[in-house]
Novice: 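The structure follows.
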Amino acid sequence: MSTNVLTNTFLTELLEKGHLISTGVKGVYGKGKEMNLLLKNIEDFISGYGRTEDTEIMMFPPIMNQEDIQKAEYLKSFPHLLGNVQSFQGNENDHKQMITTLDKGKDWSKHFSNSGVVMTPAACYPVYSQLAKTKVPLGGRTIEVASFCYRHEPSDEPTRMQSFRMLEFIKVGSSDEVKVWRKEWLEKAQALLDLLQVNYEVVIANDPFFGSGGRLLKINQNHLELKYEITIPINDEEAPTAVISSNYHQDHFAKKHQILTETEDMAHTSCIGFGIERLGLALLKHHGLDTKEWPANLKTLLNL
């Protein structure tokens with residue numbers, strides 16, 4: 001059976017059960033009552049599991065400063081994923097022209113112009129500019145951040161949504177501090193999945209860099225093991241889905257935003273991100289579409 005058939009069957013089941021609500025746009029779904037509760041409780045569980053006394057909390061809206069995304073060089077690597085926000089900024093005459101265009105059934109979006117904000121592609125991106133405001137102390141800083149994110153990847157795979165929720169923990173500090181933290185979190189993330197009673201695999205991965213130049217970036221990322229993913233079979237046993245991603249940025253974001261340590265060295269950063277919808281779908285796939293029938297200890301863990 002092909003991947004598409006498997007995927008479409010699972011998507012159909014999710015829609016029929018009311019976990020997902022179709023909007024008529026690929027990868028854009030509403031969530032039903034049971035699914036909404038599950039996702040909320042998964043996020044609360046991860047937050048409680050990962051948060052420590054020194055964890056700083058930052059929360060941002062699903063849009064961010066266009067200048068920050070330019071600084072991070074996101075457009076150089078992932079222009080195909082970014083969503084740019086445009087809005088109508090004309091006068092009354094411009095509005096009349098737009099209505100005429102609309103009434104003719106033509107493209108009205110040409111009357112909209114750049115707003116200065118973009119859709120947040122990952123929860124961590126708005127954080128880095130904030131880290132530059134003060135020098136990083138000895139021992140580093142740990143930040144928790146969550147946001148709805150957007151990536152332009154329309155698909156019938158329920159695990160590949162255009163709009164999704166992401167929870168991340170970020171470490172900023174010296175190279176050694178960040179590497180130790182990253183190793184510890186890879187182990188913690190696996191222990192978390194053990195509690196959720198799902199099968200998973202840790203793999204070296206790479207980001208979907210754009211264009212021919214992206215091939216070299218992928219090779220370098222794999223060679224240096226800068227990205228790990230923890231994958232779970234959801235749509236197809238042969239193509240498991242990444243539900244957790246661990247990235248070591250070295251000093252990339254620090255150089256772009258001038259994030260310095262107390263010793264005036266360029267800081268290093270790492271993040272670990274949890275795809276909330278993907279984790280929810282993984283649990284539904286592994287334990288069944290009716291959460292009331294899940295193992296009692298799992299329901300207790302997730303407050304279901």
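The analysis underlying the following values was restricted to heavy atoms, covering all of them including side chains, and did not include hydrogens, waters or symmetry mates.
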Novice: Check salt bridge (Lys or Arg N to Asp or Glu O under 4.0 Å) between E144 and all other residues, then give those that pass, not counting sequence neighbours.
Specialist: R51
Novice: If a pair satisfies ring pair (Phe, Tyr, Trp, His ring centres under 6.0 Å) and one of its residues is in residues 131-175, list it, with sequence neighbours excluded.
Specialist: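 Listed by first then second residue: F169-W185.
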Novice: Transitive ILVMFWY cluster of L102 at side-chain heavy atoms under 4.5 Å: who else is in it?
Specialist: F88, M98, I99, W108, F112
Novice: Taking only residues two or more places apart in sequence or in another chain, which ones pass side chain to side chain donor-acceptor pair (under 3.5 Å) with H268?
Specialist: Y248
Novice: Taking transitive links into account, so neighbours of neighbours count too, which hydrophobic residues share a cluster with M266 at under 4.5 Å side-chain distance?
Specialist: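 L260, listed by chain and number.
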Novice: Identify all side-chain donor-acceptor contacts of residues 188-196 below 3.5 Å with residues at least two apart in sequence or on another chain.
Specialist:
from, atom 1, to, atom 2, distance (Å)
Q190, NE2, L186, O, 3.0
D194, OD1, Y200, OH, 3.0

Novice: With sequence neighbours left out, which residue pairs that include part of residues 253-263 fulfil the salt bridge (charged side-chain N to carboxylate O under 4.0 Å, His left out) condition?
Specialist: E73-K256, D251-K255
Novice: Under the side-chain hydrogen bond (donor to acceptor under 3.5 Å, both in side chains) definition, can you give me all pairs with a residue in residues 110-119, not counting sequence neighbours?
Specialist: Q66-N114, N84-N114, Q89-S113, T101-H111
Novice: Evaluate the ring planes of F78 and Y74, with Trp represented by its six-membered ring, and classify them as parallel (under 30°), tilted (30 to 60°) or perpendicular (over 60°).
Specialist: tilted
Novice: So do the side chains of V127 and T269 get within less than 4.5 Å of each other, counting heavy atoms only?
Specialist: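 No, too far: nothing below the 4.5 Å cut-off.
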Novice: Apart from M59 itself, what residues make up its hydrophobic cluster, given side-chain heavy atom links below 4.5 Å?
Specialist: I57
Novice: Salt bridge (Lys or Arg N to Asp or Glu O under 4.0 Å) with D94: which residues, sequence neighbours excluded?
Specialist: none
Novice: How are the rings of Y125 and Y128 set to each other: parallel, tilted or perpendicular (split at 30° and 60°)?
Specialist: perpendicular
Novice: Got a sec, which residues hit salt bridge (Lys or Arg N to Asp or Glu O under 4.0 Å) with R278, two or more places apart in sequence or on another chain?
Specialist: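 With neighbours one apart ignored, the set is empty.
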Novice: With D44, which residues qualify under salt bridge (Lys or Arg N to Asp or Glu O under 4.0 Å), at least two apart?
Specialist: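 Counting only residues at least two positions away or on another chain, D44 forms a salt bridge (Lys or Arg N to Asp or Glu O under 4.0 Å) with K40.
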